[in-house]
Amino acid sequence: MLNKLFIHSQEIARKIDQCAINEYHIPSLVLMEQAAAECCRIIQNKEDPSKKICVLCGQGNNGADGLAIARLLAHEGYEVSIYLPYHKTLSQESKVQFQIICSLAIPYTDDLDTIRFYINQSDILIDCLFGNGLSRDIEGSYKQLIDMANASNKKIYAIDIPSGIHATSGKILNCAIHADTTIALDCFKEGHWIYPGKEYCGNLLLADIKIPTSLHLENEHAQLINEELIKEMLPKRDDHSHKGSFGKALMIGGSKAMPGALAIAAKACAASGIGTLTLMEPDCIGDLMAMKMDFAMHLRANDRDGHFALSAVDLLKQNMDQYDLISIGNGMQRNEITIEMVKTLLSSNKTVILDADALWAMQDHLEWLNRNAPTILTPHVKEMTFLTNKTVQEILESPFSTVREFTNKYSNCILILKSDITYIGSKNDFYVLSRPNSALAKGGSGDLLCGILTGILGHKISPSKGAACAAYLHSKSAEINKDPASINSEDIIKELAFVLQKLRKD
Ligand SMILES: NC(=O)C1=CN([C@@H]2O[C@H](COP(=O)(O)OP(=O)(O)OC[C@H]3O[C@@H](n4cnc5c(N)ncnc54)[C@H](OP(=O)(O)O)[C@@H]3O)[C@@H](O)[C@H]2O)[C@@H](O)CC1
Ligand SMILES: Nc1ncnc2c1ncn2[C@@H]1O[C@H](COP(=O)(O)OP(=O)(O)O)[C@@H](O)[C@H]1O
Ligand SMILES: [K+]
């Protein structure tokens with residue numbers, strides 16, 4: 001049973017396979033048999049044995065997996081046919097698997113017209129043309145096969161990764177199988193979690209092929225966030241505690257035009273268990289904030305034109321030492337004063353969370369991030385353009401390397417790159433959260449996350465683990481039994497209490 005869901009690049013996944021074979025002495029065919037048995041078990045659980053299955057195999061080891069899967073499915077009583085290219089081009093492992101197929105007399109062909117017939121006769125296709133070894137554009141008969149499979153409208157299971165999707169970039173190399181289900185082998189590949197690769201996977205599952213966990217941990221990896229991981233990491237709350245045990249937070253933000261952003265963040269922070277919370281807001285919204293927030297204390301700063309006046313910078317300098325962690329940005333407005341306040345905070349030794357307008361304020365001052373205390377930044381993809389030289393398109397195409405480049409450069413930063421998939425990186429950890437939910441595709445969702453993050457970081461937890469917990473809590477609390485169009489921040493904050501309770505109890 002896999003308790004950690006690792007994500008690797010093509011190169012590292014290959015290296016891990018090779019290490020398992022050469023250094024741990026697990027024969028390649030043993031790994032393959034394990035992979036085939038798991039795939040067969042998954043398919044058997046979903047498909048009746050009366051179904052006819054056509055397995056499309058390539059010349060490499062993804063194809064060898066396909067031959068082993070075909071054999072096991074035939075053994076379970078499915079009617080199976082196989083496409084296999086000309087014998088001479090096959091990998092060593094494929095040649096062994098092919099001999100077994102021949103001795104069992106399972107029908108196979110390398111002829112495109114015959115395979116068209118087999119595909120039409122089948123209920124299900126299994127795509128084993130290319131896996132982690134795809135290295136260049138697909139042309140010729142392989143392209144014809146992929147087009148044929150996609151046009152057939154049959155249900156398709158892709159093994160390891162849909163053929164045509166590059167395992168690191170998630171890009172389509174000329175054409176790709178559009179799968180209904182993809183069974184990743186041993187680990188996820190980065191390309192499973194980048195568009196368009198993710199979309200081509202359909203329902204994405206992971207098969208454990210029993211490669212030692214240590215091999216994943218000692219190589220560069222990311223982990224997919226799931227409930228088990230969060231249960232392990234979520235900070236406990238000792239009953240013999242006091243308000244000082246759970247952090248003293250200051251949240252800075254708000255303006256006449258956007259008081260709600262700070263209010264939402266503050267409520268989410270309170271609901272996440274912060275010990276004490278103070279809101280620093282411009283005076284013009286002070287009364288409103290006091291009415292909205294029973295729980296918080298208030299540090300009112302002078303206002304000008306509906307936002308902080310310059311004197312807020314001095315007020316911050318005089319007061320900031322009292323707090324353990326400070327967030328800044330929600331509903332704050334983009335102006336020189338925001339830049340000055342961010343600069344002040346980043347010259348301190350406090351844990352700082354930069355959100356929303358505070359991220360804009362960083363665009364010409366990235367050197368401020370070279371500090372000893374942790375800085376947690378929460379950009380959505382557009383805000384990420386303030387922090388790199390990349391365009392939105394380039395960030396979307398390379399989220400793993402975008403985050404890694406940033407955290408390699410700013411080694412005490414934790415970056416939460418937000419979209420319907422969220423990528424969380426630090427110098428030591430990398431987490432990916434994928435729980436698409438249109439309930440969160442609304443203004444204010446980012447403020448909620450910032451509040452939950454501040455609340456969780458008040459507890460004793462490393463900032464990157466805290467960031468992973470906050471991202472999970474945020475999305476899990478938005479999974480409410482209501483139409484997503486109507487789910488609002490109040491609903492999500494209420495649900496958070498039950499999500500936390502369940503995670504801590506189980
Ligand atoms: N024991 C193990 O190691 C385990 C491996 N496992 C399985 O192995 C899979 C990886 O196997 P793999 O490395 O053989 O790569 P695979 O994806 O089958 O294709 C490579 C072949 O395709 C060729 N080729 C590439 N691009 C091409 C193109 N555009 N058009 C045409 N040809 C192209 C390439 O040729 P070359 O580039 O060398 O000229 C080479 O011949 C992995 O996904 C998993 O399923 C698991 O069972 C776990 C244990
Ligand atoms: N379709 C979606 N599925 C899952 N999460 C989403 C989706 N759309 C947005 N989110 C999440 O909601 C939050 C939106 O943040 P942001 O864009 O900063 O919102 P705002 O600035 O309006 O508060 C992020 O955490 C993002 O990951
Ligand atoms: K495949």
Side-chain angles (χ1 to χ4, degrees), residues 10 13-14 16-18 20-21 26-36 39 56-66 68-69 85 89-94 126-143 156-167 173-177 179 182-187 189 207 209 211 258 260-261 264-265 329-331 355-357 359 378-383 416-423 433-450 452-453 470-471 474-475 478-479 484 489:
Q10 177 184 56
R14 186 185 293 136
I16 288 174
D17 278 350
Q18 288 313 307
I21 295 164
I26 308 173
S28 180
L29 285 169
V30 169
L31 294 175
M32 215 161 256
E33 200 63 19
Q34 192 71 44
C39 292
L56 306 174
C57 301
Q59 68 209 48
N61 281 345
N62 195 244
D65 284 342
I69 293 168
T89 57
L90 299 183
S91 71
Q92 271 315 106
E93 284 84 348
S94 286
I126 301 185
D127 156 40
C128 300
L129 292 172
F130 300 105
N132 198 41
L134 182 73
S135 55
R136 55 189 184 276
D137 276 0
I138 298 179
E139 316 276 0
S141 52
Y142 282 125
K143 179 172 183 333
I156 306 182
Y157 287 86
I159 303 304
D160 209 12
I161 189 158
S163 299
I165 298 296
H166 189 266
L173 299 194
N174 199 32
C175 59
I177 288 283
T182 294
I183 307 174
L185 301 178
D186 177 50
C187 60
K189 318 300 177 285
I209 68 169
I211 285 187
M258 286 195 275
I264 289 173
N330 307 100
D355 192 31
D357 296 332
L359 296 164
T378 61
H380 56 59
V381 178
K382 178 78 181 90
E383 286 163 342
I416 306 180
L417 177 59
K418 303 180 300 191
S419 64
D420 62 327
I421 305 176
T422 292
Y423 308 86
L433 179 83
S434 176
R435 302 177 83 88
N437 179 358
S438 72
L440 287 173
K442 288 180 191 165
S445 299
D447 303 313
L448 272 174
L449 177 67
C450 179
I452 297 172
L453 179 66
H474 178 245
S475 67
E479 289 168 14
S489 58

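Every heavy atom of this structure was used, including side-chain atoms; hydrogens, water molecules and symmetry mates were not. When a ligand or atom number is given, it counts from 1 through the structure's own listing order. One-based numbering along the sequence shown.
In terms of polar-atom proximity, D420 is not counted as a contact of ligand 2, lacking any N or O under 3.5 Å from an N or O of the ligand. At a 3.5 angstrom cut-off on N or O pairs, E93 does not count as close to ligand 1. Residue N437 places at least one N or O, backbone or side chain, under 3.5 Å from an N or O of ligand 2. At a 3.5 angstrom cut-off on N or O pairs, L31 does not count as close to ligand 1. Taking distance alone, with nitrogen or oxygen atoms compared against 3.5 Å, K418 approaches ligand 2 more closely than that limit. An N or O contact shorter than 3.5 Å is missing between E383 and ligand 2 by distance.
The residue from G164, A184, A35, S28 that puts a heavy atom closest to atom 1 (N) of ligand 1 is S28. The residue among A207, S141, G60 with a heavy atom at the shortest distance from atom 21 (C) of ligand 1 is G60. For the residues L417, I416, L440, the heavy atom positioned nearest atom 6 (C) of ligand 2 is part of L440. Compare Q18, R136, Q10 by their heavy atoms: the one nearest to atom 29 (N) of ligand 1 is in R136. Taking all heavy atoms of G446, G260, A356, A439 into account, the minimum distance to atom 20 (P) of ligand 2 is reached by G446. Residue nearest to atom 42 (C) of ligand 1, selected from I69, D160, D17, I183: D160 (by heavy-atom distance). Among I211, D137, D65, L129, the residue whose heavy atom lies nearest to atom 47 (O) of ligand 1 is D65. Looking at L29, I138, N61 and measuring to atom 14 (O) of ligand 1, the nearest heavy atom belongs to N61. Taking only non-hydrogen atoms, the option from Q59, H166, K143 nearest to atom 41 (O) of ligand 1 is Q59.
Every atom of ligand 2 with a heavy atom of T422 under 4.0 Å away is listed here by number and element: 27 (O). The ligand atoms of ligand 2 that sit less than 4.0 angstrom from a heavy atom of G444 are 20 (P), 22 (O), 23 (O). Heavy-atom contacts of S445 reach the following atoms of ligand 2: 12 (O), 13 (C), 14 (C), 23 (O) (cutoff under 4.0 Å). Close approach to D447 involves these atoms of ligand 2, each under 4.0 Å from a residue heavy atom: 23 (O). Here is the list of ligand 2 atoms found below 4.0 Å of a heavy atom in R435: 4 (C). For ligand 2 and G443, the ligand atoms under 4.0 Å from any heavy atom of the residue are 22 (O). Less than 4.0 angstrom separates some heavy atom of P436 from each of these atoms of ligand 2: 3 (N), 4 (C). Which parts of ligand 2 touch L449 is read off a 4.0 Å heavy-atom cut-off, strictly below it: atoms 25 (O).
At least one heavy atom of I209 lies less than 4.0 angstrom from ligand 1.
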Exercise. Going through the checks in order, is the side-chain contact (heavy atoms from CB on, under 4.5 Å) test met by I159 and L185?
Worked result: CA-CA 7 Å; I159 303 304; L185 301 178; 3.9 Å; yes
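Using a 4.5 Å heavy-atom threshold, the side chains of L134 and I165 count as separate. At least one side-chain heavy atom of K189 sits less than 4.5 Å from a side-chain heavy atom of D160. In this structure, C39 and D65 have side chains that are not in contact, with every pair of non-hydrogen atoms separated by 4.5 Å or more.
With hydrogens left out, the protein atom closest to atom 9 (C) of ligand 1 is N62 N, 3.5 Å, a heavy atom. S419 O, 2.8 Å is the protein heavy atom nearest to atom 27 (O) of ligand 2. At the shortest separation from atom 33 (C) of ligand 1 among protein heavy atoms lies F130 CE2, 3.3 Å. S135 N, 3.3 Å is the protein heavy atom nearest to atom 26 (N) of ligand 1. Scanning all protein heavy atoms for the shortest distance to atom 17 (O) of ligand 2 gives H380 CD2, 3.2 Å. In terms of protein heavy-atom proximity, atom 13 (O) of ligand 1 is nearest to G133 CA, 4.0 Å.
Contacts of H474 with ligand 2, taken as heavy-atom pairs under 4.0 Å, involve the side chain alone. The proximity of S475 to ligand 2, defined as any non-hydrogen pair under 4.0 Å, does not occur for either the backbone or the side chain.
The angle subtended at the K ion (ligand 3) by OG of S163 and O of D127 is 100°, given to the nearest 10°.
Distances from the K ion (ligand 3) show that L129 has no N/O/S atom below 3.4 Å. Using a cut-off of 3.4 Å, one finds that G58 contributes no N/O/S atom close to the K ion (ligand 3). The nearest N, O or S atom of G131 is not closer to the K ion (ligand 3) than 3.4 Å.
Within a 4.0 Å radius of atom 38 (O) of ligand 1, the protein contributes no non-hydrogen atoms.
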